[in-house]
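The structure appears below as structure tokens.
Lettering follows sequence order; numbering is per chain, from 1.
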Amino acid sequence: MEDREIKGVIEALLFISGEPLSPDRIKNVLEEIDRGKIKSLLWELQQEYDMRLSGLRIVEVAGGFQIVTPPEVSQWIKKLKKIKQSARLTKPSLETLAIIAYKQPLVKAEIEDIRGVDSAGVIKGLLDKRFVKIIGRKDVPGRPILYATTKEFLQYFGLKDISDLPTLKEFNELAEEEGAGSLS
Amino acid sequence: MEDREIKGVIEALLFISGEPLSPDRIKNVLEEIDRGKIKSLLWELQQEYDMRLSGLRIVEVAGGFQIVTPPEVSQWIKKLKKIKQSARLTKPSLETLAIIAYKQPLVKAEIEDIRGVDSAGVIKGLLDKRFVKIIGRKDVPGRPILYATTKEFLQYFGLKDISDLPTLKEFNELAEEEGAGSLS
Amino acid sequence: MTYQIKLEVFEGPLDLLLHLIKKNEVNIYDIPISLIAQQYLDYIELMKDLNLEIAGEFLLMAATLIHIKSKMLLPQEETVSEEEEGEDPRAELVRRLLEYQRFKDAAEELGQREEIWRDVFYHPHDITTEGEEEVMIEVGLFDLIDALREMIEKIPEKMSLEIIPEELTLRGRMTAVMERLDIAGPEGLTLWALLDKDTTRRAIVITFLALLELARVRFIKLLQVEGRGTVRVFRNEN
């Protein structure tokens with residue numbers, strides 16, 4: 001392989017690894033190339049990154065090399081992450097949302113009954129994200145708050161209304177018929 | 001900010017993002033820069049990557065831009081990551097996916113009409129793989145579920161957007177290929 | 001005439017018909033229906049001989065072919081009165097075959113794209129310096145139903161809300177998880193492998209909480225391989 005080509009492979013490995021890669025680790029992949037060569041190509045690559053004034057750097061950390069973003073851009077990265085985070089749901093939120101969507105209106109105790117864990121925090125998060133709203137109180141002792149899903153919830157999942165949600169039955173039908181219908 | 005600087009920020013954002021970033025998404029971060037500018041800098045960046053023959057490419061896929069490694073280096077990446085090549089999609093899955101991609105949104109019965117076989121299992125598999133999603137119900141008796149393809153579908157097949165699919169060959173083109181006469 | 005039928009697996013009757021048309025090199029717009037119907041029926045016979053399960057669609061198509069064949073044998077005048085301007089009895093079948101063929105071609109093109117693009121690698125996750133986002137997942141409607149289904153299936157017994165004696169159990173579970181990850185080495189363990197010893201919902205919940213806590217303090221990493229694969233748990237190197 002030519003130097004340029006080896007350097008390309010090293011760059012790709014650094015990119016995909018996400019964590020510092022030691023020359024030894026790279027050597028394990030590029031067996032035919034000697035360690036000294038790998039190290040000098042890593043330094044060349046590092047210099048090239050510096051020289052082209054890009055938004056990326058190659059740093060030597062923890063015994064390895066890693067592609068990182070320089071401090072100057074960190075404010076923008078934080079901003080991107082914030083935007084992304086607001087569009088995401090964690091598994092507990094998802095579970096809770098599923099329960100509310102299918103069983104609404106319902107109270108916190110009913111959610112916790114199914115999930116088996118305290119769900120106050122998750123419900124609060126869903127209220128903040130506007131996927132869930134309070135629609136009143138249940139007429140039982142203590143008058144607990146009743147929750148339901150919102151318009152924003154429908155929008156996020158691309159549904160016109162709540163009856164657009166597939167039923168568990170429809171869903172099971174898809175699963176059961178798996179493998180059926182073809183010759184086997 | 002200078003162009004070079006903006007380009008650096010964009011590059012850093014592409015680097016840390018695990019999914020394609022659309023110019024709009026970048027615009028949400030770099031609010032002061034106009035969308036056209038962002039797009040042209042993305043293209044410049046893309047060209048720079050191509051020209052310096054690096055181990056990385058910027059591709060336009062699934063409605064956004066993303067840094068990826070080119071197929072030439074895939075063998076090394078698999079070696080580093082100890083990845084066994086993932087199984088290819090089966091013929092029934094590809095067929096069903098093609099039908100959904102070109103005719104979306106559509107219901108199960110329409111898919112089965114074309115394929116001539118029960119397709120529930122295949123659809124379930126595609127839902128599991130996130131290549132297909134449920135987007136609502138059709139306004140006909142029985143309100144059957146409507147399916148469409150996802151961003152993951154575009155990304156997996158390296159498509160910019162759904163219009164990036166090759167046009168379906170028409171009947172007469174097929175006929176020419178088969179060397180047949182006309183339907184009488 | 002003699003011919004051989006290789007026992008291939010056909011997705012459905014249309015698939016089999018297209019195969020027979022190609023194999024016999026006949027014109028799709030002028031299918032010699034007797035020949036094709038005969039070969040089709042032979043194939044089904046062969047499947048029966050081999051005790052293969054024959055899907056209903058294959059039998060339905062057999063009936064359709066026989067029906068078309070009989071129609072074509074009728075004198076022209078009689079069909080004219082029934083059908084508009086004596087439409088070819090094969091027309092509907094031809095239309096379906098062509099439509100199906102179009103998508104088979106499209107599927108093949110997708111297959112070619114797949115061949116190239118599955119060798120293109122990108123980060124399935126954000127490269128992140130602050131670990132917490134790794135537990136975040138982007139979700140769709142399907143995930144919502146899936147989440148509910150999983151819960152219902154895994155934990156059938158109705159449980160009342162109980163307070164978990166946290167500190168002790170949780171801490172014990174955290175230690176146990178770290179021990180198992182030590183044994184597993186750099187490959188880590190799947191989430192399910194870690195949970196499979198838990199038979200009660202409470203045990204599952206505690207293990208979950210232990211994992212979340214360990215991820216929060218960054219003793220472990222939770223990663224979902226390639227978009228939607230299984231969740232794997234790794235010991236954090238540093």
Tightest non-hydrogen contact, residues C/Tyr100 and B/Ile114, listed as CD1-O, 3.4 Å
Locate the shortest heavy-atom distance separating C/Ala106 from B/Ala98; write the atom from each residue and the value.
CB-CB, 4.0 Å
Does C/Phe103 reach the side chain of B/Thr96, with side-chain heavy atoms less than 4.5 Å apart?
no
With heavy-atom distances below 4.5 Å as the criterion, would you say the side chains of B/Arg115 and C/Leu14 are in contact?
no
Of all pairs that satisfy ring pair (Phe, Tyr, Trp, His ring centres under 6.0 Å), the ones with a partner from residues 112-147 of chain B, not counting sequence neighbours:
B/Phe131-B/Tyr156
With no hydrogens and no angle check, is any side-chain donor or acceptor of C/Glu114 less than 3.5 Å from a backbone partner on B/Arg88?
no
Whether C/Arg96 side chain and B/Asp113 backbone form a donor-acceptor pair below 3.5 Å
yes
Do other residues, nucleotides or ligands put more than 12 heavy atoms under 6.0 Å from the NZ atom of C/Lys69?
no
What part of B/Lys81 lies closer than 4.5 angstrom to a heavy atom of chain C: side chain, backbone, both or neither?
neither
More than 12 non-hydrogen atoms from neighbouring residues, nucleotides or ligands closer than 6.0 Å to CD on C/Glu115, yes or no?
yes
Can you find a pair of side-chain heavy atoms, one from C/Val120 and one from B/Pro71, that are under 4.5 Å apart?
yes
We want to know whether C/Tyr122 and B/Glu19 form a side-chain donor-acceptor pair, criterion being a heavy-atom distance below 3.5 angstrom.
no
Shortest non-hydrogen contact from C/Asp119 toward B/Lys78:
OD1-NZ, 2.9 Å
I need the C/Leu110 CG to B/Glu95 CD distance, nearest 0.5 Å.
11.0 Å
Would you say the side chain of B/Gln155 lies within less than 4.5 Å of the side chain of C/Trp117, judging by non-hydrogen atoms?
no
Hey, is B/Lys91 close enough to C/Glu11 for a salt bridge, meaning N to O under 4.0 Å?
no
Heavy-atom pair with the smallest gap, counting every atom of C/Arg113 and B/Phe157:
NE-O, 2.6 Å
Which atom of B/Pro166 lies closest to which atom of C/Glu109, heavy atoms considered:
CG-OE1, 3.1 Å
Chain C contacts: which residues in residues 50-70 of chain B have a non-hydrogen atom closer than 4.5 Å to it?
B/Val59, B/Gln66, B/Ile67, B/Val68, B/Thr69, B/Pro70
